[in-house]
Amino acid sequence: SQQGEEDPQALSIQEGENATMNCSYKTSINNLQWYRQNSGRGLVHLILIRSNEREKHSGRLRVTLDTSKKSSSLLITASRAADTASYFCATDPGANSKLTFGKGITLSVRP
Amino acid sequence: KAGVTQTPRYLIKTRGQQVTLSCSPISGHRSVSWYQQTPGQGLQFLFEYFSETQRNKGNFPGRFSGRQFSNSRSEMNVSTLELGDSALYLCASSLSRVVSYEQYFGPGTRLTVT
């Protein structure tokens, strides 16, 4: 079963707007990662946030992690048409355990 | 540095046949994981290899197997193919799984079973 559950399942916004995606998980984690996948291709790692971190930035990306609520959010600011993709959160329980992906969020950015 | 490569990129097989997919990780990466991605089930973990040893296995039948070679290259094999095995098979490599590292994915192999 999926550890991470993203919401919404689909998001459509206008270019220039911000996109916020959420991920909830069930068990304790060592870190949480966000990945992007362009249609039918491999996943690209976006950002990793460790369990002792609350917020992390990378370019136009901002990720927050609330371990008490077992949730994370990914914010993409000033979205571009090229941001159109599926976004996945993945939870890492720690050593010798597998990385578990959610079902993903489909983001469409309209030019 | 060259990225993760997977061969072949596309494959069409018939029910009952077997198939072998190959993955070459990024140079220096010793951990290789395999995933199956379908529209209905999403990304499902198949197995992970580190230093030629299987360290984790997902909930897939025994028809799915894999191995890793001393140069960290990995192969996965599916025997007695079923229609439901049609999927995008993704391989990912990382430096290590003992310490938390991001995974680098290959472009995938699109397997169609007819």
Side-chain angles (χ1 to χ4, degrees), chain A residues 1-7 9-10 21 23-25 27-53 56 58 61 63 65 67 72 74 85-106, chain B residues 3-7 9-10 21 23-26 29 31-51 53-60 66 86-112:
Chain A
S1 64
Q2 310 298 87
Q3 158 78 311
E5 295 285 341
E6 298 99 338
D7 90 271
Q9 288 189 328
M21 291 167 266
C23 170
S24 59
Y25 57 93
T27 62
S28 62
I29 60 170
N30 183 277
N31 69 74
L32 186 144
Q33 303 176 29
W34 285 90
Y35 288 81
R36 183 187 74 225
Q37 184 180 35
N38 291 91
S39 181
R41 308 188 66 169
L43 279 74
V44 174
H45 179 264
L46 294 176
I47 198 162
L48 180 155
I49 185 166
R50 302 187 191 282
S51 59
N52 60 353
E53 297 175 311
K56 208 160 178 183
S58 176
L61 306 180
V63 167
L65 179 65
T67 52
S72 173
L74 170 67
S86 293
Y87 291 80
F88 296 84
C89 71
T91 51
D92 183 348
N96 295 322
S97 293
K98 61 185 183 182
L99 195 64
T100 305
F101 287 81
K103 291 211 166 187
I105 297 169
T106 301
Chain B
V4 177
T5 58
Q6 291 187 246
T7 56
R9 291 292 312 280
Y10 302 92
L21 311 182
C23 171
S24 292
I26 290 173
H29 285 194
S31 171
V32 174
S33 298
W34 287 90
Y35 297 86
Q36 180 197 65
Q37 186 178 30
T38 58
Q41 297 298 316
L43 266 161
Q44 300 216 292
F45 172 79
L46 280 156
F47 25 66
E48 178 194 357
Y49 287 88
F50 182 81
S51 293
T53 301
Q54 187 180 87
R55 294 184 47 177
N56 273 303
K57 191 175 190 306
N59 295 325
F60 279 82
S86 294
L88 181 66
Y89 289 87
L90 294 163
C91 154
S93 75
S94 64
L95 276 168
S96 169
R97 288 291 284 128
V98 175
V99 181
S100 300
Y101 284 105
E102 60 267 30
Q103 296 198 336
Y104 292 83
F105 282 79
T109 295
R110 172 76 63 185
L111 172 64
T112 302

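Atom set for the values below is all heavy atoms of this structure, side chains included, hydrogens, waters and symmetry mates excluded. Quick caveat, the model's predicted, so the values are computed rather than measured. Each chain gets a letter, A, B and so on, in the order the sequences are listed, and its residues count up from 1.
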Considering all heavy atoms of both residues, which atom of A/Lys98 and which atom of B/Asn56 are nearest to each other, and what is their separation?
-> N-ND2, 3.7 Å

For the residue pair A/Phe88 and B/Gln37, what are the closest heavy atoms and their distance?
-> CZ-NE2, 3.6 Å

Check whether the side chains of A/Gln33 and B/Gln103 place a donor and an acceptor atom closer than 3.5 Å, and report yes or no.
-> no

Mark yes or no for whether A/Lys103, through its side chain, and B/Gly40, through its backbone, hold a donor-acceptor pair below 3.5 Å.
-> yes

What is the distance from atom CZ of A/Arg41 to atom CZ of B/Arg9, rounded to the nearest 0.5 Å?
-> 7.0 Å

In chain order, what residues pass the ring pair (Phe, Tyr, Trp, His ring centres under 6.0 Å) check against B/Tyr35, with sequence neighbours excluded?
-> A/Phe101, B/Phe45, B/Phe105

Tell me, please, which residues at least two apart from B/Gln6 pass side-chain hydrogen bond (donor to acceptor under 3.5 Å, both in side chains).
-> none

